[in-house]
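Step one of this worksheet: look at the structure below.
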Amino acid sequence: MTDTADTTGRNETAFGFRTVEKGEKQGLVNDVFAKSAARYDQMNDLMSAGIHRLWKDDFVAMVNPPKGATPFHGLDVAGGTGDIAFRIVTAGGANTRVTIADISPEMVAEGKLRAEREGFAGKVDFTVGNAEALAFPDRSFDCYTIAFGIRNVPSIEKALREAYRVLKPGGRFLCLEFSHMDVEMMQKAYDAYSFTVIPAVGKVVTGDGQPYRYLVESIRTFPKQQEFADMITAAGFQRVTFRNLTGGIAAIHSGWRI
């Protein structure tokens, strides 16, 4: 279920399996990430059985920042811990830089600490920002990335329009997100793991299993691959494609501002 205000006139959206007012969702999502910011990478390990690290490498390979002196400025939305941004900076040349915009101050604070620990301070800019109303001028970035974040946005449609707005002509939109498996028996097995093991282990690791339950539920209510691709096209992007990872547990969607 996506934000219904853009299509039906109703002002509702999904928060996991609950239907909430659109204005409520951001605060609820913020609470989830405030509780889990310090354990976010462990959370993704649980959600993907550790495979998310390979997915992210594949994702950044598609970004393909120039390795020479060519300037390249990427925007990583909902990337507070810096995981994608650090990979992009490492893969690119001396003039590759990334700005992070994440709505959670706790996630941004965690990312800044990690940048200092891992030697990325000064190479990545951290900002607190809303994916639905980005505080950047039109046509500012060469690439827009968002990994495991767009399903948490109250209005996916607004976020996609903002992505289009801030990209330069010729810029690329890339989204890595948990998705839907194309083999029913595999989906059932993954569901069983997701709804039983992940919240239980999350509670042991962090003392609170509820954020993990929401995140599992949010995957099930996220649009299927082709539906999401159609939403990207509706936002103005061209040459929209998607590629499943690990049988559809996750998918990478791509679109270009031509």
Side-chain angles (χ1 to χ4, degrees), residues 3 6 26 29-30 33 56 59-105 107-112 114-115 120-177 228-229 231-241 252-258:
D3 173 29
D6 290 344
Q26 194 62 68
V29 169
N30 290 353
F33 287 100
K56 288 174 179 176
F59 184 61
V60 171
M62 291 181 68
V63 175
N64 192 28
K67 296 186 181 298
T70 303
F72 180 88
H73 191 184
L75 174 66
D76 187 39
V77 176
T81 63
D83 210 23
I84 296 298
F86 299 162
R87 282 173 161 84
I88 293 172
V89 168
T90 300
N95 288 324
T96 294
R97 60 192 179 103
V98 178
T99 296
I100 288 173
D102 195 301
I103 201 165
S104 168
M107 293 287 282
V108 169
E110 185 66 25
K112 288 180 177 178
R114 185 178 170 194
F120 289 99
K123 300 177 183 178
V124 176
D125 297 320
F126 289 86
T127 67
V128 176
N130 189 333
E132 296 179 13
L134 294 167
F136 305 109
D138 296 355
R139 305 182 178 193
S140 296
F141 298 97
D142 298 293
C143 188
Y144 174 115
T145 54
I146 183 166
F148 306 121
I150 204 160
R151 74 183 190 279
N152 299 311
V153 176
S155 174
I156 293 173
E157 291 90 344
K158 287 182 180 178
L160 291 172
R161 290 195 294 267
E162 278 291 272
Y164 185 87
R165 180 185 68 79
V166 301
L167 276 171
K168 298 175 183 177
R172 191 176 192 182
F173 167 86
L174 284 166
C175 176
L176 170 61
E177 187 55 86
F228 184 46
M231 293 169 71
I232 297 168
T233 300
F237 290 99
Q238 298 184 37
R239 293 164 54 191
V240 175
T241 60
I252 297 174
H253 281 74
S254 169
W256 296 83
R257 177 170 181 171
I258 304 299

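Hydrogens, waters and symmetry mates play no part in the numbers below; they use all other heavy atoms, side chains included. In what follows, residues are counted from 1 in the order of the sequence shown. This one's a predicted model, so the numbers in the text were calculated from it and none came from an experiment.
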Close side-chain approach of [X] to [Y], heavy-atom, < 4.5 Å:
X	Y	value
Thr145	Val60	no
Val98	Phe86	no
Tyr164	Phe237	yes
Asp76	Val124	no

Heavy-atom pair of closest approach, residues [X] and [Y]:
X	Y	value
Asn95	Ala69	ND2-O, 2.5 Å
Glu110	Thr81	CG-CG2, 4.4 Å
Phe126	Ala115	CE1-CB, 3.9 Å
Leu134	Arg165	O-NH2, 3.0 Å
Ile252	Leu176	CG1-CD1, 3.9 Å
Ala159	Tyr144	O-OH, 4.2 Å

Report the distance from atom [atom1] of [X] to atom [atom2] of [Y], rounding to the nearest 0.5 Å.
X	Y	atom1	atom2	result
Met231	Ile156	CE	CD1	4.5 Å
Asn152	Ile103	CG	CD1	10.5 Å
Ile146	Leu160	CD1	CG	8.5 Å
Thr99	His73	OG1	NE2	3.0 Å
Thr241	His253	OG1	NE2	8.5 Å

Any sub-3.5 Å donor-acceptor pair from [X]'s side-chain atoms to [Y]'s backbone N or O?
X	Y	result
Glu157	Ala235	no
Glu132	Ser155	yes
Arg239	Ile258	no

Using the side chain to side chain donor-acceptor pair (under 3.5 Å) criterion, which residues pair with Arg172? Sequence neighbours excluded.
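Testing Arg172 for side chain to side chain donor-acceptor pair (under 3.5 Å), a comparison that skips the adjacent residues, returns Ser254.
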The criterion is salt bridge (charged side-chain N to carboxylate O under 4.0 Å, His left out); which residues satisfy it with Arg97, sequence neighbours excluded?
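Expected list: none.
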